[in-house]
Amino acid sequence: MPRRPRICPAGMPQHVIQRGNNRQMCFQDFADKATYATFLSRYREEHEVDIHAWVLMDNHTHLLVTPHTDQSLSLFMKAVGQRYAQYFNHKYERSGTLWEGRFKSCLVDTECYFLQCQRYIELNPVKAGMVEYAGDCQWSSYRCHGYGLRSKLHTPHPCYLNYHPDPAKRLESYRAFVASPTPEGMDDAIRYAAIAGTALGTREFQEDMKARFGI
């Protein structure tokens with residue numbers, strides 16, 4: 001069965017998941033995650049990709065990004081994945097595949113689903129039992145959105161910037177949003193869309209993406 005074609009249109013946010021092969025550990029210590037973050041920062045500039053949200057788990061990563069060209073996302077993920085795999089294999093004296101095939105991704109509706117997806121990404125460490133509070137995770141974008149931490153990785157999306165006109169109140173409001181209950185079925189919808197490569201959004205958004213891009 002042929003693989004679904006990769007649809008990465010310029011200017012449209014995408015939720016991206018990259019997993020370790022057979023769900024193996026791809027980050028074993030602080031230095032590993034710091035190195036991966038360095039590659040994210042380096043290649044986002046080279047391949048023109050805005051990174052809005054991220055989390056580095058032990059065996060996978062989540063990104064919420066907007067590519068500037070139709071080729072940006074694929075080139076960016078290829079560069080980051082290959083360069084980090086070279087680093088990891090050399091460090092741990094191993095060979096072979098680190099990542100599980102192609103990265104997974106889906107287009108994200110900015111009207112209703114963008115901040116839901118951003119929250120989902122930043123709550124991953126909490127739901128996995130790694131931390132009790134999203135702000136305790138160093139390797140996510142939550143501290144940027146909830147406390148104003150500056151990061152070379154970060155390009156805040158207009159959906160976040162428009163959440164409240166006052167920066168201090170925006171941080172407070174965003175923390176309250178992340179702490180509030182997630183709508184029923186939202187997490188499942190976000191997971192399914194990314195894994196299946198279907199559009200994440202309202203029915204109208206999904207129909208529009210299907211008509212425009214065949215997904």
Are the side chains of Glu204 and Asp208 in touch, meaning some heavy atoms are under 4.5 Å apart?
no
Should Val49 and Tyr43 count as side-chain neighbours, where that means a heavy-atom distance under 4.5 Å?
no
Give me the atom names and distance for the closest heavy-atom approach of Pro9 to Gln14.
CD-NE2, 3.8 Å
Can you check whether Met12 reaches Met209 side chain to side chain, under 4.5 Å on heavy atoms?
yes
So if you build clusters from Ile, Leu, Val, Met, Phe, Trp, Tyr with side-chain heavy-atom gaps below 4.5 Å, do Tyr120 and Phe103 land together?
no
Is a side-chain donor or acceptor of Arg143 paired with a backbone partner of Gly135 at a separation under 3.5 angstrom?
yes
Quick check: closest heavy atoms across Val55 and Pro125, and the distance to 0.1 Å?
CG2-CG, 3.6 Å
Check: Asn89 side chain, Ser95 main-chain N or O, donor-acceptor pair, under 3.5 Å:
no
Between the main-chain N or O of Ser72 and the side-chain N or O of Thr69, is there a donor-acceptor pair closer than 3.5 Å?
yes
Over 12 foreign heavy atoms within 6.0 Å of CG, Asp29:
yes
Same apolar cluster: Tyr92 and Tyr36, side chain cutoff 4.5 Å
yes
Where do Trp54 and Ile121 come nearest, in terms of heavy atoms and distance?
C-CG2, 3.7 Å
Compare all side-chain heavy atoms of Phe76 with those of Val16 and state whether any distance is below 4.5 angstrom.
no
Would you say Tyr133 has more than 12 foreign heavy atoms packed within less than 6.0 Å of its OH?
yes
Look at atom NZ of Lys78 and say whether more than 12 heavy atoms of other residues, nucleotides or ligands are closer to it than 6.0 Å.
no
When rounded to the nearest 0.5 angstrom, what distance separates CH2 in Trp139 from OG1 in Thr61?
13.5 Å
If hydrophobic clusters are built by linking Ile, Leu, Val, Met, Phe, Trp and Tyr wherever their side-chain heavy atoms come under 4.5 Å apart, do Phe30 and Tyr84 end up in the same one?
yes
Using the side-chain contact (heavy atoms from CB on, under 4.5 Å) rule, take Asn124 and His62 through it: C-alpha gap first, then chi angles, then the decisive distance, then the call.
CA-CA 9 Å; Asn124 252 249; His62 290 265; 3.3 Å; yes
Looking at Phe88, I'd like to know if the NZ or CZ of Arg94 sits under 6.0 Å from its six-membered ring centre while staying within 45 degrees of the ring's axis.
no
Honestly curious: do Ile51 and Leu75 fall in one hydrophobic cluster under the side-chain, below-4.5 Å linking rule?
no
If you measure from CG on Leu63 to OG on Ser141, what distance do you get to the nearest 0.5 Å?
9.5 Å
Arg23 with Asp58: basic N within carboxylate O range, under 4.0 Å
no
Does some side-chain heavy atom of Arg175 sit less than 4.5 Å from a side-chain heavy atom of Val178?
no
To the nearest 0.5 Å, how far apart are CG in Leu40 and CG in Leu56?
6.5 Å
Measuring from atom OG1 of Thr38 to atom CG of Leu153, what distance do you get when rounded to the nearest 0.5 angstrom?
8.5 Å
Test of understanding: clusters of I, L, V, M, F, W, Y form through side-chain heavy atoms closer than 4.5 Å, transitively. Do Leu115 and Tyr147 belong to the same one?
yes
Taking C-beta and beyond as the side chain, do Leu64 and Phe114 meet within less than 4.5 Å on heavy atoms?
yes
Between the side chains of Arg119 and Gln116, is a donor N or O closer than 3.5 angstrom to an acceptor N or O?
yes
Hey, does Gln118 have a side-chain heavy atom less than 4.5 Å from the side chain of Phe177?
no
Ignoring hydrogens and angles, tell me if any N or O in the side chain of Asp109 forms a donor-acceptor pair with the backbone of Glu111 under 3.5 Å.
yes
Taking the side chain as every heavy atom from C-beta outward, state whether Tyr142 and Val126 have any pair of such atoms under 4.5 Å apart.
no
From Asp50 CG over to Glu45 CD, what is the distance, rounded to the nearest 0.5 angstrom?
10.5 Å
Check Val108 against Phe205 and note the closest heavy-atom contact, atom names and distance.
C-CZ, 3.7 Å
Write out all pairs satisfying side chain to side chain donor-acceptor pair (under 3.5 Å) with one or both partners inside residues 149-168, taking only residues at least two apart or from two chains.
His145-His154
Considering all heavy atoms of both residues, which atom of Glu122 and which atom of Ala134 are nearest to each other, and what is their separation?
O-CB, 3.8 Å
Heavy-atom donor-acceptor pair, Arg170 side chain to Leu161 backbone, under 3.5 Å:
yes
Distance from Thr182 atom OG1 to Asp187 atom CG, nearest 0.5 Å?
5.0 Å
Exceeds 12 heavy-atom contacts within 6.0 angstrom, atom NZ of Lys169
no
For a quick test of reading the model, state the closest non-hydrogen atom pair linking Cys26 to Asn59 and the distance between them.
SG-C, 3.4 Å
